[in-house]
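Structure record follows, encoded as structure tokens.
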Number of protein chains: 2
Amino acid sequence: MARTVDPAKYAAKRQHILDCAAVLFAQQGYERTTTSQLCARAGISPGNLYHYFAGKKQVFLAVLTQDEHDTHALLDRLTQEAAPLEALISFVLHLARPATADPIVPKLVLEAMLQAHRDPEVGAELARVDDDEMRGLRVLLSRAVQAGEADPALDADDAAAWISALVSAVYLQTALAPDFDAAQQLANLTRTVRAFLREA
Amino acid sequence: MARTVDPAKYAAKRQHILDCAAVLFAQQGYERTTTSQLCARAGISPGNLYHYFAGKKQVFLAVLTQDEHDTHALLDRLTQEAAPLEALISFVLHLARPATADPIVPKLVLEAMLQAHRDPEVGAELARVDDDEMRGLRVLLSRAVQAGEADPALDADDAAAWISALVSAVYLQTALAPDFDAAQQLANLTRTVRAFLREA
DNA sequence: GTCTATATCTGGATAGAC
DNA sequence: GTCTATCCAGATATAGAC
């Protein structure tokens with residue numbers, strides 16, 4: 001019984017630090033958030049932070065990777081649905097909903113996007129997630145085209161990229177204009193996607 | 001004839017500094033661009049920078065405010081056109097086009113957006129520009145509705161905000177995926193706006 | 001494991017000669 | 001007006017006691 005540490009406590013504290021960091025990074029951005037601020041908010045000493053993370057950047061990366069919504073499981077379900085267009089809409093909503101759920105999420109995502117093309121490590125992390133999204137969009141989109149529910153003149157890659165951009169627009173707008181109505185945002189998004197896919 | 005300085009030379013050098021700063025801020029962001037880097041690139045000494053700007057932040061603000069495309073003149077023309085919907089589309093293109101013209105523009109705009117909700121001074125500056133855009137969109141949109149060219153069920157404020165978000169999406173996508181085709185982007189945007197405004 | 005104290009470095013801005 | 005040299009603040013990360 002000579003266990004020195006309680007792994008559960010360790011994990012809990014680590015998580016606590018991540019939660020605090022997420023708020024600060026979202027509010028202030030990565031660069032102007034200092035480790036002192038983080039430690040103060042988490043209620044730990046500056047030195048103690050380094051027992052949980054190798055440095056500030058590792059904290060940031062950990063924040064970004066912590067909640068990977070399992071798109072894979074959902075995607076498997078959706079690709080077998082009878083109504084491809086509705087499946088696509090469901091997927092789009094799944095991608096956009098986190099933006100409206102917690103106000104710090106869109107800010108964090110934007111921060112990550114900007115850091116991504118400045119820091120290769122962050123970029124690699126984001127690219128992985130984005131790839132999954134794009135692949136899912138392409139698959140569902142081509143199914144919708146085959147079923148005659150979307151304009152066959154659309155280029156699959158291009159249309160998927162654009163729909164992804166539309167989702168990003170929701171994140172952007174939610175982050176920058178927090179007073180804007182979340183439900184209305186999602187309604188606009190679905191209306192837009194549907195209209196975009198319809199034949200011209 | 002005892003003029004000590006040539007005002008034209010002064011202005012030219014100031015502009016040169018701004019050009020250099022714009023590139024650095026776009027590539028690296030505001031925070032991680034140092035005054036030393038800026039001076040090195042501009043070919044001036046650290047001290048000399050402060051003869052042209054009061055500080056780093058003032059350089060950033062000057063970069064943001066330097067080219068205010070005169071939306072007002074265009075707007076006056078467009079509000080008198082016979083075809084309101086086409087006028088609206090023209091306006092949207094006018095707003096989006098800078099994103100595709102110079103690759104540093106969209107990055108700079110995004111950087112400004114993020115800084116805006118962290119620094120009130122930047123925020124005030126951006127809000128002024130955004131206000132003009134939104135006002136223009138609302139006016140043109142309501143004219144289109146009156147002419148029966150847009151869905152009358154749309155809420156003017158909400159729809160204008162959403163169209164503005166769509167424009168932002170072009171900036172976002174251009175900044176983050178520079179390999180993406182500019183013309184295609186604008187085509188997607190107009191198609192999307194048109195489709196969004198059509199009756200459901 | 002957690003603290004306090006501090007080393008080390010870097011950045012923005014200034015002083016003062018030329 | 002422009003330079004060189006430097007100050008001072010603040011940030012990350014480490015050392016070492018408890």
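Here is how names work: the chains are called A, B, and so on, in the same order as the sequence lines, proteins then strands, and each is numbered from 1. These numbers come from a predicted model, not from an experiment. Because only heavy atoms are used, hydrogens play no part in the values below, and waters and symmetry mates are left out as well, while side chains stay in.
Per the geometry, CG belonging to B:Leu38 stands 11 Å off P belonging to C:dA13, to the nearest Å. The separation between A:Asp6 atom CG and C:dT2 atom C1' is 16 Å, rounded to whole Å. Atom pair B:Leu49:CG and C:dA13:C1' shows a separation of 10 Å (rounding to whole Å applied). Rounded to whole Å, atom P of D:dT12 lies 12 Å from atom CG of A:Leu24. For the pair B:Arg32 CZ and C:dT10 P, the interatomic distance rounds to 15 Å; values are reported in whole Å. Counting to the nearest Å, the C1' atom of D:dG10 and the CD atom of A:Glu31 are 15 Å from each other. Atom CD1 of B:Ile17 and atom C1' of D:dT2 are 12 Å apart (whole Å). At whole-Å resolution of the value, OH in B:Tyr50 and P in D:dG1 are 19 Å apart.
The residue A:Ser45 sits close to a base: some heavy atom pair falls under 4.0 Å. When heavy atoms are screened at a 4.0 angstrom cut-off, B:Lys57 is found touching no nucleic acid atom at all. At a threshold of 4.0 angstrom between heavy atoms, the contacts of A:Lys9 with the nucleic acid are absent. Note on A:Phe53: nothing from the nucleic acid sits closer than 4.0 angstrom, heavy atoms only.
In this structure, the nucleotide among D:dC3, D:dT2, D:dT12 sitting nearest to the side chain of B:Tyr52 is D:dT2. Checked against D:dT2, D:dA13, C:dT2, the side chain of A:Asn48 finds its nearest nucleotide in C:dT2. The listed nucleotides are C:dA5, D:dG1, C:dA13; the one nearest the side chain of B:Pro46 is C:dA13.
Contact annotation: A:Lys13 reaches the phosphate of C:dT2 (side-chain N/O to OP1 or OP2, under 4.0 Å). Not one side-chain nitrogen or oxygen of B:Ser36 sits closer than 4.0 Å to the OP1 or OP2 atom of C:dG11.
Here the side chains of A:Pro106 and A:Leu172 are not in contact, with every heavy-atom distance at 4.5 Å or above. In this structure, A:Ser168 and B:Gln173 have side chains that are not in contact, with every pair of non-hydrogen atoms separated by 4.5 Å or more.
Using bins of under 30°, 30° to 60° and over 60° for the plane-to-plane angle, the ring pair B:Tyr10/B:Tyr52 lands in the parallel bin.
In this structure, B:Lys56 satisfies the cation-pi test against B:Tyr30, with its NZ or CZ atom closer than 6.0 Å to the six-membered ring centre and inside 45 degrees of the ring normal.
Put simply, A:Val145 and A:Leu75 are part of two different groups of oily side chains (I, L, V, M, F, W, Y) that touch within less than 4.5 Å, one to the next.
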